[in-house]
Engineer: 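Once you've had a glance at the structure underneath, I'll fire off some questions.
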Amino acid sequence: MNLRRWLARRDPNWQALAQLLTQAEKKGLKSLSGADINQLASLYRSTSADLARAKTGNLGQPLILELQQLTTRAYSQIYQGSRHQEWQAVGDFYRWSLPEVIRATLPYTAIAFAIFLLGTLIAVWFGQHDPSFLAVIVPEELITKVRDEQELWMGSILGVEPVASSSIMVNNLTVSFRVVAGGITAGLWTVYALFYNGILIGAIAALVGQHQLAFPFWAFVFPHGALELPAIFFAGGGGLLIAQALLWPGRYPRITALKQNSLQAAQLLFGVIPLLIIAGLIEGFISPSPLVPSILKYLLGTGIFGLLVVYCWRSDPSLK
């Protein structure tokens with residue numbers, strides 16, 4: 001089978017199905033004419049057959065995921081169509097589809113993590129061997145507090161937890177959106193953001209390590225970092241997916257590869273939103289709290305990360 005020819009022939013049907021589904025989801029099935037509903041049912045059947053062919057022919061996980069999403073949306077409209085089922089579809093996405101997308105894009109997440117880790121290791125090395133390096137990266141007030149007062153700065157959150165938590169959520173969500181959108185710059189902004197954030201945390205790690213404050217610092221980071229950092233890496237993987245489609249579309253036409261990879265990037269972005277909201281709540285109310293012992297914070301962070309790993313390896317039992 002000539003893949004490019006098959007994609008060119010089938011893609012208009014998928015686009016037509018997507019347009020009908022968008023109208024039905026926004027305005028309801030009643031907004032469709034009888035002919036539109038018949039066409040919707042016909043396109044659903046043909047797209048289901050295309051999905052089966054894509055799986056049998058091993059035509060690539062991005063294409064399979066796109067067709068699965070289309071057939072799931074069509075099934076919901078044709079056989080269910082209620083607002084309750086729409087919410088159920090959202091629940092199914094977070095229960096089953098998101099873990100599948102995370103696993104399918106794991107190589108991109110691993111590259112994002114490697115970029116971040118490289119920045120961290122470089123900053124730790126320079127921070128230990130060149131005192132002037134920390135002054136360039138870390139704000140002066142943090143250096144002064146750690147060096148002169150032998151204290152961390154997280155106590156400023158105490159007493160203003162709701163405001164701090166909200167601010168943290170907004171900042172982390174903004175970073176994630178920018179990291180994903182950075183893919184459109186051929187990945188340059190995505191790589192820069194990951195590397196710079198690695199440099200920043202590495203420099204801070206070097207600073208607190210030099211003044212024997214590493215244990216309480218990482219106790220602060222562990223509870224929320226168990227979700228926040230993986231979420232940033234997932235977002236970074238989304239940005240790299242878009243960049244890969246632009247630079248190396250592979251056996252697909254560039255526009256097809258970009259459409260498929262952008263869909264996965266969007267799914268990753270939607271997926272990290274709850275993670276960052278939960279991380280923001282933890283960072284605002286638990287991580288800085290002196291009432292929670294440091295060892296408990298380490299255990300909490302480890303447990304949260306373990307649950308995240310288990311979640312990412314969930315599989316829909318109906319597909320087995």
Engineer: Strictly by salt bridge (Lys or Arg N to Asp or Glu O under 4.0 Å), give each pair with a member in residues 254-267 just once, sequence neighbours left out.
Structural biologist: Asp11-Lys259, Glu66-Lys259
Engineer: Ignoring hydrogens and angles, tell me if any N or O in the side chain of Thr47 forms a donor-acceptor pair with the backbone of Tyr44 under 3.5 Å.
Structural biologist: no
Engineer: Do you know which two heavy atoms are closest between Ser46 and Leu43, and how far apart they sit?
Structural biologist: OG-O, 3.0 Å
Engineer: Enumerate donor-acceptor pairs with a distance under 3.5 Å from any side-chain N or O in residues 231-247 to protein atoms, sequence neighbours excluded.
Structural biologist:
| residue | atom | partner | partner atom | Å |
| --- | --- | --- | --- | --- |
| Gln244 | OE1 | Tyr108 | OH | 3.4 |
| Gln244 | OE1 | Asn261 | ND2 | 2.7 |
| Gln244 | NE2 | Trp248 | O | 2.6 |

Engineer: Between Arg4 and Gly250, what is the shortest heavy-atom contact and its length?
Structural biologist: NH2-O, 3.9 Å
Engineer: Can a salt bridge be assigned to the pair Arg95 and Asp92 using a cut-off of 4.0 Å between side-chain N and carboxylate O?
Structural biologist: yes
Engineer: Count the heavy atoms belonging to other residues, nucleotides or ligands that lie under 6.0 Å from CZ of Phe195, then report whether that count exceeds 12.
Structural biologist: yes
Engineer: For Trp153, I'd like to know if atom CH2 has over 12 heavy atoms of other residues, nucleotides or ligands within 6.0 Å.
Structural biologist: yes
Engineer: Within a strict 4.5 Å, meaning less than it, do heavy atoms of the Gln68 and Lys55 side chains meet?
Structural biologist: yes
Engineer: Is it the case that over 12 heavy atoms from other parts of the model lie below 6.0 angstrom from the OH atom of Tyr196?
Structural biologist: no
Engineer: Treating Thr71 as the side-chain partner and Leu67 as the backbone partner, does any N or O pair qualify as donor plus acceptor under 3.5 Å?
Structural biologist: yes
Engineer: What's the separation between atom CG in Leu63 and atom CZ in Arg10, rounded to the nearest 0.5 Å?
Structural biologist: 11.5 Å
Engineer: Counting only pairs under 3.5 Å, give me each side-chain donor-acceptor contact of residues 168-178, with atom names and distances, residues two or more places apart or in other chains.
Structural biologist:
| residue | atom | partner | partner atom | Å |
| --- | --- | --- | --- | --- |
| Asn172 | ND2 | Ile168 | O | 3.4 |
| Asn172 | ND2 | Glu228 | OE1 | 3.1 |
| Thr174 | OG1 | Val170 | O | 2.7 |
| Ser176 | OG | Asn172 | O | 3.1 |

Engineer: Dump the intermediate steps for side chain to side chain contact (heavy atoms under 4.5 Å, CB included) on Gln69 and Leu65, then the final yes or no.
Structural biologist: CA-CA 6 Å; Gln69 185 193 49; Leu65 288 173; over 6 Å; no
Engineer: Are Ile204 and Ile137 side-chain neighbours, meaning at least one heavy-atom pair lies under 4.5 Å?
Structural biologist: no
Engineer: Between atom CD of Glu100 and atom CG of Leu98, what is the distance when rounded to the nearest 0.5 Å?
Structural biologist: 10.0 Å
Engineer: Can you check side chain to side chain contact (heavy atoms under 4.5 Å, CB included) on Thr302 and Phe222, steps first, answer last?
Structural biologist: CA-CA 7 Å; Thr302 303; Phe222 255 59; 3.9 Å; yes
Engineer: Quick one: are Leu308 and Pro230 in side-chain contact, heavy atoms under 4.5 Å?
Structural biologist: yes
Engineer: Any chance you could measure Gln264, atom CD, to Thr105, atom OG1, to the nearest 0.5 Å?
Structural biologist: 6.0 Å
Engineer: Starting at CG of Leu40, measure out to CZ of Arg73 and round the result to the nearest 0.5 Å.
Structural biologist: 10.5 Å
Engineer: Going by distance alone, is a donor N or O of one side chain under 3.5 Å from an acceptor N or O of the other, for Thr144 and Glu140?
Structural biologist: yes
Engineer: Do Met154 and Pro216 have side-chain heavy atoms sitting under 4.5 Å apart?
Structural biologist: no
Engineer: Tell me whether the count of non-hydrogen atoms from other residues, nucleotides or ligands lying under 6.0 Å of CZ in Phe93 goes above 12.
Structural biologist: yes
Engineer: Can you list every pair that meets ring-ring contact (aromatic ring centres under 6.0 Å, His included) and has a residue in residues 14-43, with sequence neighbours left out?
Structural biologist: Trp6-Trp14
Engineer: At what distance, to the nearest 0.5 angstrom, does CG of Leu21 lie from NZ of Lys26?
Structural biologist: 12.0 Å
Engineer: Establish whether Val136 and Leu134 are linked, either directly or via other cluster members, by ILVMFWY side-chain heavy-atom contacts under 4.5 Å.
Structural biologist: yes
Engineer: Considering only heavy atoms from C-beta outward, does the side chain of Ser48 approach that of Tyr75 to under 4.5 Å?
Structural biologist: no
Engineer: Rounded to the nearest 0.5 Å, what separation is found between the CD1 atom of Ile255 and the CG atom of Leu7?
Structural biologist: 13.0 Å
Engineer: Closest heavy-atom contact between Arg103 and Cys312?
Structural biologist: NH1-O, 2.9 Å
Engineer: Side chains of residues 120-129: which donor-acceptor pairs under 3.5 Å do they make with residues two or more places apart or in other chains?
Structural biologist:
| residue | atom | partner | partner atom | Å |
| --- | --- | --- | --- | --- |
| Thr120 | OG1 | Phe116 | O | 3.0 |
| Thr120 | OG1 | Gly198 | O | 3.1 |
| His129 | ND1 | Trp125 | O | 2.8 |

Engineer: Are Leu258 and Trp189 connected, step by step, through hydrophobic side chains (Ile, Leu, Val, Met, Phe, Trp, Tyr) whose heavy atoms are closer than 4.5 Å?
Structural biologist: no
Engineer: Please confirm whether the ring centroid of Tyr94 lies under 6.0 Å from the ring centroid of Tyr311.
Structural biologist: no
Engineer: Applying the 4.5 Å side-chain criterion to the ILVMFWY set and letting contacts propagate, would Ile143 and Val146 be lumped into a single cluster?
Structural biologist: yes
Engineer: Is there a chain of hydrophobic side chains (I, L, V, M, F, W, Y, each step under 4.5 Å between heavy atoms) that links Phe217 to Phe215?
Structural biologist: yes
Engineer: Quick check against the 3.5 Å criterion: does Ser166 have a side-chain atom that pairs as donor or acceptor with the backbone of Pro162?
Structural biologist: yes
Engineer: Donor-acceptor pairs under 3.5 angstrom involving side-chain atoms of residues 276-297: please list them, not counting sequence neighbours.
Structural biologist:
| residue | atom | partner | partner atom | Å |
| --- | --- | --- | --- | --- |
| Ser287 | OG | Phe220 | O | 3.2 |
| Ser287 | OG | His224 | ND1 | 2.8 |
| Ser289 | OG | Leu291 | N | 3.2 |
| Lys297 | NZ | Ser287 | O | 2.6 |
| Lys297 | NZ | Ser289 | O | 3.0 |

Engineer: How about Val180 and Leu268: do any of their side-chain heavy atoms sit closer than 4.5 Å?
Structural biologist: no
Engineer: When hydrophobic residues are tied together by side-chain contacts of less than 4.5 Å, even through go-betweens, does Leu269 share a cluster with Leu263?
Structural biologist: no
Engineer: Are Leu32 and Leu20 packed together at the side-chain level, in the sense that at least one heavy-atom pair is separated by less than 4.5 angstrom?
Structural biologist: yes
